[in-house]
Number of protein chains: 2
Amino acid sequence: MVVFAAQGDARRSMALLWRGPGSPGAHTGPGPKPALSVDAIVDAAIAVADADGMAGLSMRAVGDRLGCTAMALYTYVPNKSELLDLMYDRAHAELPSAYELGSGWRAAAAGWSGDLLAFYLCHPWVLQVSQARPVLGPNEYVVLETVVRILHGTGLPAVMLRRVVGTLFSFVRGAAQTVAETRQAPTVTGVSDEEWWLARSAMLTELAPDFTERFPAISAMESAGAFAPADDAMPYLEREARETFAAGLTVLLDGVEVAIAKTAS
Amino acid sequence: MVVFAAQGDARRSMALLWRGPGSPGAHTGPGPKPALSVDAIVDAAIAVADADGMAGLSMRAVGDRLGCTAMALYTYVPNKSELLDLMYDRAHAELPSAYELGSGWRAAAAGWSGDLLAFYLCHPWVLQVSQARPVLGPNEYVVLETVVRILHGTGLPAVMLRRVVGTLFSFVRGAAQTVAETRQAPTVTGVSDEEWWLARSAMLTELAPDFTERFPAISAMESAGAFAPADDAMPYLEREARETFAAGLTVLLDGVEVAIAKTAS
DNA sequence: CCGATCACTTTACACCATAAGGAGCCAGAC
DNA sequence: GTCTGGCTCCTTATGGTGTAAAGTGATCGG
């Protein structure tokens, strides 16, 4: 019975996430005392992922950081995927959960979105964890509770509120991904992204001399100054992505206001 | 000189993408005639990725599909990362590039967004290709050209137009990711996501009996009917994600209209 | 017809997750 | 106090990955 087995797995993983019975370091039985703990492993794994990214997160690397072998971890965590779930939830505990609603929902929503973006940029690996199971652990519920509370006073009907929340998440995640990958690229290739960008442009005009005819709208936008070069310390692509985030958030929240107005009428 | 080496690599990869000199099957020299081609390899790789996802995309798998070893591919493609870039660009050729603007920019933008969503759902692996380098190949430029042309008539200033485009991409990508991962999860675990959802809910009330007190806003939203159960054939999570996309797109485009109105005044 | 040059193969290496089995420790049973 | 069974942690092994290195054989220019 595959279903029962899967449900059994689901039970254990939920117990791990919510620290239900069977997971903490009770350990009354025989055998050597555990030298590790799920918490320690999750912390170490987050440290590894923060430092070396998702690509550097291997069971060996986590074990090395804790002074044990990779296999020792499997006593505490059933497999790497479960460990990822635990990391995902634990990381979300960093997010603020209280927002001042005195200045209105919009300021709070903007603040929350900005904090979420910052969080994703602080732990970019979070963006690579599957989002299929929307919410699983207690800290993820806290995040959801926080944003729902912010939007609760808008008077939006429940279904619409849920969709607005989903849209906000989609947008922030998308923007964060762009910034995060923008940041990652130069370190990988060893070329600053300004150089990279310039080199690409030069090659483009060489490889596609008919660029202006083939892509008139892009060319028009370009000559209208849409792609102004960097003028400060921040890398070009990152600044672009950040401004897109700020402008996009304004657009999105304007749209939410329209939805609220529609509801009221 | 790392920089020059990297630029050399960049040159070759751009040449591959834009089919510049040096890449096609000219082959005038000695040696056996090439049995494969870059195009054939890219096609095979896309077929593998469509069928088995990014996880199933290995050089060996692509080689098997073409009746050769994995190493044979390295004669045509420098490495897997380049192959991914080529796949990414080639796939984007499927997207429509002409939209009727007679009914206004909004209808066209909604149609384009829907087509982009459908494209991502048809090739979910595209979402896992790094987005750091925003546009590289000719087909990606066609996609950009298409959406810029749609929004060109709105009168938005160039910089704002670029940001709106970025926001649209962020949003559609985020929504597509949710739907795609939602689809993927049940096949992996072997449990339908409705069962899965129900099992989780049951366990939640068991593991967190104080749920209502800890998460009042979520509970209120829930009891207000935000999480209505599935009533048709479509899986619950997927339907939810699709409705979030539709509603979010409306909100977003409402926000764009506000931005246009601000520009006009 | 010969030898340089290419496509392609085999082999090898380092890494990955994790299954399997073994070594040592230690609370409780006697 | 000794035994024992359960526990943690280790070593080893398996089948996967990308790709470097070297070998094989076909093909063309000379």
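Model, not experiment: these values are computed from the prediction.
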Please enumerate all protein N or O atoms sitting under 3.5 Å from an N or O of nucleotides 22-27 of chain D, with distances to 0.1 Å.
unit_1	atom_1	unit_2	atom_2	d
D:dT27	O2	B:Gly31	N	3.0

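- Listed here is the closest heavy atom pair of B:Leu17 and B:Leu86: CD2-CD2, 3.9 Å.
- Atoms CE (A:Met71) and P (D:dA13) sit 14 Å apart, rounded to a whole Å.
- Listed pair B:Tyr74 / D:dG18 fails the phosphate criterion, with no side-chain N or O lying under 4.0 Å from OP1 or OP2.
- Not a single side-chain hydrogen bond (donor to acceptor under 3.5 Å, both in side chains) links A:His92 to another residue, sequence neighbours left out.
- The distance between atom CG of A:Leu36 and atom C1' of D:dT8, rounded to the nearest whole Å, is 10 Å.
- The minimum heavy-atom distance linking B:Val62 with B:Leu57 is given by the pair CG2-CD1, 3.8 Å.
- When the P atom of D:dT17 is taken as reference, atom CG of B:Asp52 falls 11 Å away, rounded to whole Å.
- The two residues B:Met54 and B:Val129 come nearest to each other via the heavy atoms CE-CG2, 3.9 Å.
- Residues from residues 56-70 of chain A placing a heavy atom under 4.0 Å of any atom in DNA chain D, listed by number, are A:Cys68, A:Thr69.
- In terms of heavy-atom proximity, A:Val48 sits nearest to A:Gly56 at CG1-O, 3.6 Å.
- One end of the helix from C:dC1-D:dG30 to C:dG24-D:dC7 points its axis 20° away from the other end's axis, with each axis taken from 5 pairs and the angle rounded to 10°.
- Relative ring orientation between A:Phe211 and B:Tyr141 is described as perpendicular, the plane-to-plane angle rising above 60° on a 0-90° scale split at 30° and 60°.
- Here the C1' atom of nucleotide C:dT18 and the CG atom of A:Leu83 are 14 Å apart, to the nearest Å.
- Shown here are the salt bridge (charged side-chain N to carboxylate O under 4.0 Å, His left out) partners of A:Glu206, two or more places apart in sequence or in another chain: B:Arg11.
- At whole-Å resolution of the value, CG in B:Leu73 and P in D:dA20 are 14 Å apart.
- Note on B:Ala72: a base of the nucleic acid sits closer than 4.0 angstrom, heavy atoms only.
- For residues 41-67 of chain B, the set of pairs meeting the side chain to side chain donor-acceptor pair (under 3.5 Å) definition, not counting sequence neighbours, comprises B:Asp43-B:Arg90, B:Asp50-B:His123, B:Asp50-B:Trp125.
- The phosphate of D:dT8 has neither OP1 nor OP2 within less than 4.0 Å of any side-chain N or O from A:Tyr76.
- B:Asn79 has its CG atom 13 Å from the C1' atom of D:dA20, to the nearest Å.
- Nearest heavy atom pair, residue B:Val142 against residue B:Ser97, reads CG1-CB, 3.9 Å.
- Taking every heavy atom of both residues into account, A:Glu145 and B:Ile218 meet most closely at OE1-N, 3.0 Å.
- Salt bridge annotation for A:Glu240-B:Arg162: present, with a cationic side-chain nitrogen under 4.0 angstrom from a carboxylate oxygen.
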